[in-house]
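In the text below, chain A, chain B and the rest are named by the order of the sequence lines, each starting its count at 1. Just so we're clear, the structure is a prediction, and the values are computed from it rather than from any experiment.
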Protein chains: 2
Amino acid sequence: MAAPKPTRTRRKMQRVTIMDVAARAELSPSTVSLYFRKPDAVSAAASESIARAIEALDYVPNLMAGGLAAASSRVVSIIVPSVRNAFFAETVAALQEDLGKQRLQVMLSHTEYKEHDEESLVRTALSWAPAAVVLTGLSHSSATRRLLRDSKVPVVEIWELGSQTMDMAVGFHHDQVGQTAASHLVQRGRKRLLFLGARLHEDRRAARRAQGFVETARNAPDVTADIIQHPAPASAEVGAMLLGEAVHRFPNVNGIACSNDHIALGVIFECQRLGIAIPERLSVVGFGDLSFSAACNPSLTTIRPPGDLIGKEAARLIIARISHANGEPQQAVIDTRFTLLHRQSS
Amino acid sequence: MAAPKPTRTRRKMQRVTIMDVAARAELSPSTVSLYFRKPDAVSAAASESIARAIEALDYVPNLMAGGLAAASSRVVSIIVPSVRNAFFAETVAALQEDLGKQRLQVMLSHTEYKEHDEESLVRTALSWAPAAVVLTGLSHSSATRRLLRDSKVPVVEIWELGSQTMDMAVGFHHDQVGQTAASHLVQRGRKRLLFLGARLHEDRRAARRAQGFVETARNAPDVTADIIQHPAPASAEVGAMLLGEAVHRFPNVNGIACSNDHIALGVIFECQRLGIAIPERLSVVGFGDLSFSAACNPSLTTIRPPGDLIGKEAARLIIARISHANGEPQQAVIDTRFTLLHRQSS
DNA sequence: GTCCAGAATAATAGCGCTATTATGTAGCCG
DNA sequence: CGGCTACATAATAGCGCTATTATTCTGGAC
């Protein structure tokens, strides 16, 4: 057989490559590559002419080629239930800010509270050989766990703490949130307590808050506590609706904790309409400290989860793990805690 | 010189590759690749055994290798000012949902309203040979424009419409928002109008709303209009503060439009405290229709921007462009409009 | 049976970069 | 002034996949 004809029409990209930069700088591609990865290892003169060449050619590196060659990328894959939720938006924003400073890119996915989807999202995430994966909460399918374990990618679970973490975790205990709300109401002399929750069947963390709430409340003398819930996502409308149901079913209710501040705001508005005095006749505690919570009238007593801090700490752990790729893989669990903000509504 | 020793210790990844799948399925790697890219071109029998091999080996494709070889990735890079802002969070969520259905990944970046950062974010985005880039607003540096033009990547500008779009655009005219608010207040018989805005120097779109507002208002007979602003990000606190300033400087003010609903909520709360009757003595119009706007008391008249629709339409354009890579590159501009929701506050 | 179009599968040559090894070049000691 | 570090730069061989071309395998038409 004759030598294979070189007719292969390989779509020669006219992209500017590292070779073009090297040629223009009169150096080898290796040196240019080194310039990007370990700037200190190249001489000042070389750096100078490489920088000039990059500028002149308007060179944009191909991170896929780099990632392939290095068998790892500077992508951090974040999987949250939804960025529509201000809590996660806050954390994602904080993560992105701090990771961005280290030239780490955020790839974002939503499960929309469908835990079932998480596995395929994780699978796709791993297709990018990410530098780390961030997951929300602690409940993941066993296949998800296996995938992540086998991949050896650093994993951070956020927004929830519990007994079993996969690798690293940053968050707080949601049952403690419920306990704190209950204790607060009991301290204010409230005996007939309710927890008003939205979507508790899907939002496990809210469910844990509810559970912590009733358990603690019921341990107090002469205190009764119940949960009223609604299947729709949290909103002020749902809160108003839930309050209506609450006063109907438990006319002597005098202490309410809500699964979040949207619900609590609805409760306040509805109480205004119904002429129920807050906090005289009814104390209300929210969760979230959303934008309106300090400003509304009466201002809302609420528990503030440190969404921003969670993002910052998660970013810190990831960065530490990446740079200290050697050393002991220190399993880190950070309890960020939360804060009860006592305002007028209780 | 002797033949080069093959001592090169190439970090042989023990990752499962397409070759492993092919070997197990007793087919060639090409066929397996085809199975992923054009499933219809592979026979049923082959598909079957490939699927079995993937399952057995727990194969996770390497999208970086694929992207490199194909000179394009299934990443859509989205650059927004901030996901902390519910508007953009909504759009990002919608985009991610619809893009996800087409196996397009979202890579997210924030400018934090620093337009100056956008260029480097775009540069990084292009390093991933994205399938499309989504930018917020219409004002971009010339270098950014050049980078994007040269890359030939589809670009969608969202949340703002104007005269000059780079490629595709989905949004609405913010000056029209201001006009609508002004017309509404004038129609309600209000003569002494104010626009209360936060961070107008950084938020160009809010500034355009303010501008549209005063221009339209001043064209009405006997109507006066002014802008009062605050440099901090929008919040109910800032709104309360701005209302204080408003009644101090313009005691006869009877119509107020706010740069967004956070501000408007603060106005309502502060009016309650000051005993200013809404809407009898003062009409208030917001922007955003946030979660609390329909529920608060009085409920807030506001202008609803279709954040969700913007995301959906942007996703649709991107998907259409990608699949119709051939055909005419139809420059698309979609005006999503917005809705005035007349409620109790006006 | 032969031949041929069309379908299915395989072989091949990179995509643009990094990690590793190899080579050159100063600087310093005895 | 040989020899020996350190430092700076270059050569090389893939990373795992896709696009292209080449080959084989059908099943009819004749």
Listed nucleotide nearest any side-chain atom of Leu34(B), set dG16(D), dT9(C), dG14(D):
dT9(C)
Whole-Å distance, Asn62(B) CG to dC17(C) C1', equals 13 Å
Think Arg37(B) has a side-chain N or O under 4.0 angstrom from the OP1 or OP2 of dC17(D)?
no
From CE of Met19(A) over to C1' of dA11(D), roughly how many Å is that when rounded to an integer?
12 Å
Length of the line joining Ile50(A):CD1 and dC17(C):C1', which is rounded to integer Å
15 Å
Quick check: are there more than 12 heavy atoms from other residues, nucleotides or ligands sitting under 6.0 Å from CZ of Arg204(A)?
no
Do any N or O atoms from the side chain of Thr136(B) and from the backbone of Ile158(B) form a donor-acceptor pair under 3.5 angstrom?
no
Answer yes or no: does a side-chain N or O of Ser30(A) lie under 4.0 Å from OP1 or OP2 of dA11(D)?
no
Atom CG of Leu68(A) and atom P of dA13(D) are separated, to the nearest Å, by 18 Å
Nearest atoms (heavy-atom pairs only) where Trp128(A) meets Leu63(B)
NE1-CD2, 3.3 Å
Describe the nucleic acid contact of Pro61(B) in one word from base, sugar-phosphate, nothing, applying a heavy-atom distance below 4.0 Å.
sugar-phosphate
Nucleotide dC25(D), atom P - distance to CG of Leu27(B) in whole Å:
14 Å
Less than 4.5 Å apart, side chain to side chain, heavy atoms only: is that true for Ile310(A) and Trp159(A)?
yes
Whole-Å distance separating the NZ atom of Lys38(A) from the C1' atom of dA19(C):
9 Å
Taking dC17(D), dT9(C), dC17(C) as options, the one with an atom nearest any side-chain atom of Ala69(B) is dC17(D)
Can you tell me the distance, in whole Å, between the OH atom of Tyr35(B) and the P atom of dT18(D)?
13 Å
Among dA19(D), dT9(C), dC17(C), which is the nearest nucleotide to the side chain of Ser28(B)?
dT9(C)
From dT9(C), dG16(C), dC17(D), nucleotide with atom closest to Tyr59(B) side chain:
dC17(D)
Any N/O donor-acceptor pair, Thr31(A) side-chain to dA10(D) base, under 3.5 Å:
no
So Leu27(A) and Ser49(A), do their side chains get closer than 4.5 Å, heavy atoms only?
yes
Let's see if you can work this out: which of dC17(D), dT9(D), dG16(C) has an atom nearest to the side-chain heavy atoms of Ile18(B)?
dC17(D)
Ignoring backbone atoms, test whether Ser33(B) places a side-chain nitrogen or oxygen under 4.0 Å from the OP1 or OP2 oxygen of dA19(D).
no
Output the rounded distance in Å from CE (Met64(A)) to C1' (dC15(C)).
9 Å
